[in-house]
Amino acid sequence: MTSTDLYRDHLAALDRWLADSLERAGRRGVSLDGVLFHAGRERTYHADDNAIAFWSTPHFRRWCPIAGPEHIVLARPGGRVQVVRVRPMDFWFDTSMPPASYWESVVDLSEAESFEKAAESLGSLERIAYVGDAPEAAQAVGIDADRIEPAELMAPLDWYRAYKTPWEVALTEVAVRRAASGHLAGLEMFRAGATEREIHWAFLEGSDQIEREVPFNTIVALEEKGAVLHYERKRGPEAAPGRTLLLDAGASFEGYASDLTRTWVGEGADPVFKELVEGVDALEQELVAMVAPGVPYPDIHQAAHRGVAQILQRTGVVKVSADEAMERGLTRHFFPHGVGHHLGIQVHDVGGHQAGPDGGEVAPPAEYPLLRTTRPLEAGHLVTIEPGIYFNPVLLDPVRGSDDASAIDWAVVDCLRPFGGVRIEDDVLCTENGARDLSREHLPGPRE
């Protein structure tokens with residue numbers, strides 16, 4: 001299928017989900033005929049005229065791949081989608097006409113100089129909801145406060161974000177390939193003895209991105225910094241060359257994100273740490289294979305902890321059996337985060353804790369409060385799978401004086417601590433036939 005065909009089918013799916021969302025909102029007392037999706041409004045830092053890097057509001061971007069602020073999509077079920085591209089006449093910035101794109105023939109596309117003029121061109125907005133980040137903009141064009149992102153509408157809209165259409169999968173695959181190229185470029189620099197900054201720059205060049213285009217701040221961690229889950233500093237020569245590298249970085253394409261992590265071992269690393277890396281890589285592939293319709297995501301998380309317990313026992317980090325390590329919760333000192341999350345326009349995509357399309361929440365288990373997804377997997381869901389093992393002093397130092405101290409071999413921990421931590425992450429599509437790993441064919445794991 002051509003990109004135009006994929007996009008046309010994508011809009012047809014969005015139309016069905018929008019119709020259902022409006023019907024659900026109506027049953028809960030919010031009667032609407034359609035939705036105005038706003039790309040969002042550019043903001044500046046406090047007391048400054050320096051603009052904060054702009055990201056389109058996700059629900060807008062799902063309907064239309066225009067980058068930049070203020071654009072509008074007006075969608076009514078059963079009707080042709082109306083898109084107004086806002087192109088102000090401004091000599092400070094480039095406002096030239098963008099090149100024609102495959103999607104333009106599928107919608108009714110017009111242009112205006114401002115959000116207000118764009119909204120005015122659409123006619124009456126009575127019984128139209130507003131979804132976007134600028135309530136003041138909605139009210140300025142006559143949309144009442146009770147029609148600005150009403151919860152009764154947002155719950156089903158968020159719920160359906162988990163189901164990725166073939167068009168969305170195709171965009172994500174481009175983002176995955178770009179990120180994989182960046183990872184391979186970073187790996188080459190690591191093996192050449194590069195600094196964290198140089199590896200970061202190599203990732204950007206390899207993935208064909210500038211700083212503001214990456215979907216999240218890259219994590220480029222040599223040695224002990226690999227134990228910091230969201231390490232965002234970029235050290236220079238004082239930290240290089242490194243014996244281990246944890247690189248967690250993604251790319252974006254037309255609004256859709258990828259999110260990949262690899263841990264690499266170089267010369268001089270402890271053989272036990274290398275065994276940990278290979279063990280986590282093998283575990284991650286076992287967890288990927290669990291992705292299938294009907295599987296509760298917490299089951300994958302629980303399996304991750306069982307696997308981590310086995311790795312810790314096998315490498316001598318814990319002195320008790322894997323079963324006892326699980327029962328005592330020892331794995332949580334080494335693996336504190338969730339095994340993954342929904343992925344899409346937002347790296348941590350919405351709806352992971354929703355009980356259903358009408359809302360409600362399924363909280364994570366008490367022992368795993370940081371698990372981002374609790375809903376069962378269904379065909380079309382796109383998730384990350386990312387188990388890890390970390391030697392983080394914030395997690396481990398309090399255990400030294402606890403009842404669990406005797407179950408851990410602190411000599412082994414202290415030997416491994418300088419090497420940081422391990423995380424392996426792939427982007428995985430749930431299909432009717434099970435898991436489809438979007439990453440591995442482009443970015444091998446450390447055992448490959």
Side-chain angles (χ1 to χ4, degrees), residues 169-223 225-226 231-236 239-254 256-269 273-274 276-285 288 340 343 347 382 384-388 419-429 435-448:
V169 173
L171 298 184
T172 303
E173 288 183 282
V174 176
V176 167
R177 291 196 295 270
R178 292 177 66 177
S181 296
H183 272 262
L184 293 173
L187 172 60
E188 184 177 351
M189 290 298 290
F190 164 65
R191 288 175 171 165
T195 69
E196 291 171 352
R197 291 186 180 193
E198 290 169 329
I199 295 168
H200 168 70
W201 295 330
F203 172 80
L204 291 179
E205 184 173 4
S207 60
D208 191 24
Q209 299 179 101
I210 60 174
E211 291 275 3
R212 67 180 298 159
E213 292 174 331
V214 293
F216 58 93
N217 290 334
T218 61
I219 298 170
V220 185
L222 293 174
E223 301 198 337
K225 295 303 183 183
Y231 172 71
E232 295 181 355
R233 286 184 57 203
K234 308 290 187 293
R235 294 176 294 176
R243 294 167 292 177
T244 60
L245 167 68
L246 190 154
L247 178 56
D248 184 341
S252 60
F253 182 72
E254 294 196 355
Y256 286 80
S258 59
D259 183 4
L260 309 179
T261 306
R262 291 292 184 269
T263 304
W264 304 103
V265 176
E267 293 183 7
F273 190 83
K274 183 178 180 181
L276 283 169
V277 171
E278 292 176 348
V280 172
D281 186 47
L283 170 62
E284 192 261 1
Q285 287 293 277
V288 166
L343 176 70
V347 176
L382 178 62
T384 67
I385 299 294
E386 47 180 307
F419 303 102
V422 184
R423 182 165 64 253
I424 306 293
E425 177 183 20
D426 285 319
D427 300 341
V428 184
L429 179 68
R436 182 182 164 216
D437 190 329
L438 303 182
S439 320
R440 283 282 163 150
E441 64 180 292
H442 306 294
L443 182 62
R447 295 175 300 142
E448 300 170 77

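What you see is a predicted model, and the numbers here were worked out from it, not measured in a lab. These values consider heavy atoms only, across backbone and side chains, with no hydrogens, waters or symmetry-generated copies.
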remark   = Contacts of Glu284 meeting side-chain hydrogen bond (donor to acceptor under 3.5 Å, both in side chains) (sequence neighbours excluded), chain-then-number -> Arg440
Provide the closest heavy-atom pair for [X] versus [Y] in the form atom of the first, atom of the second, distance.
| X | Y | value |
| --- | --- | --- |
| Ala257 | Ala175 | C-CB, 4.2 Å |
| Pro387 | Leu283 | CB-CD2, 4.2 Å |
| Met189 | Ala202 | CG-CB, 3.4 Å |
| Ser252 | Pro215 | N-CD, 3.9 Å |
| Gly206 | Ala185 | CA-CB, 4.1 Å |
| Ala180 | Leu260 | N-CD1, 4.0 Å |

Just how far is it from atom [atom1] of [X] to atom [atom2] of [Y], taken to the nearest 0.5 Å?
| X | Y | atom1 | atom2 | value |
| --- | --- | --- | --- | --- |
| Leu187 | Leu247 | CG | CG | 9.0 Å |
| Asn217 | Lys234 | CG | NZ | 6.0 Å |
| Leu171 | Ser258 | CG | OG | 12.0 Å |
| Leu184 | His442 | CG | NE2 | 11.0 Å |
| Gln209 | Thr218 | CD | OG1 | 10.0 Å |

query = What residues, two or more places apart in sequence or in another chain, satisfy side-chain contact (heavy atoms from CB on, under 4.5 Å) together with Glu441?
reply = none
remark   = Hits for side-chain contact (heavy atoms from CB on, under 4.5 Å) against Thr261, two or more places apart or cross-chain, chain-then-number order -> Leu246, Asp248, Arg423, Glu425
Can you find a heavy atom in the side chain of [X] that is under 4.5 Å from one in the side chain of [Y]?
| X | Y | result |
| --- | --- | --- |
| Thr263 | Leu276 | no |
| Val220 | Leu245 | yes |
| Ile424 | Gln285 | no |
| Val214 | Leu204 | yes |

request  = Would you mind listing every side chain to side chain donor-acceptor pair (under 3.5 Å) that reaches into residues 171-180, with sequence neighbours excluded?
outcome  = Glu173-Arg436
Output every pair passing salt bridge (charged side-chain N to carboxylate O under 4.0 Å, His left out) with a member in [range], not counting sequence neighbours, ordered by first then second residue.
| range | result |
| --- | --- |
| residues 179-195 | none |
| residues 256-267 | Arg262-Asp426 |
| residues 196-219 | Glu196-Arg235 |

task = Could you list the residues that satisfy salt bridge (charged side-chain N to carboxylate O under 4.0 Å, His left out) with Glu278, not counting sequence neighbours?
result = none
key: Arg447: salt bridge (charged side-chain N to carboxylate O under 4.0 Å, His left out) partners, not counting sequence neighbours   = Asp281
task = Kindly indicate, with the supporting measurements, whether the criterion side chain to side chain contact (heavy atoms under 4.5 Å, CB included) is fulfilled by Val169 and Leu382.
result = CA-CA 8 Å; Val169 173; Leu382 178 62; over 6 Å; no
Expected output: side-chain Thr244 to main-chain Glu223 donor-acceptor under 3.5 Å = yes
query = With no hydrogens and no angle check, is any side-chain donor or acceptor of Thr195 less than 3.5 Å from a backbone partner on Ala240?
reply = no
Inter- and intrachain pairs under ring pair (Phe, Tyr, Trp, His ring centres under 6.0 Å), touching residues 184-212, at least two apart = His183-Phe203
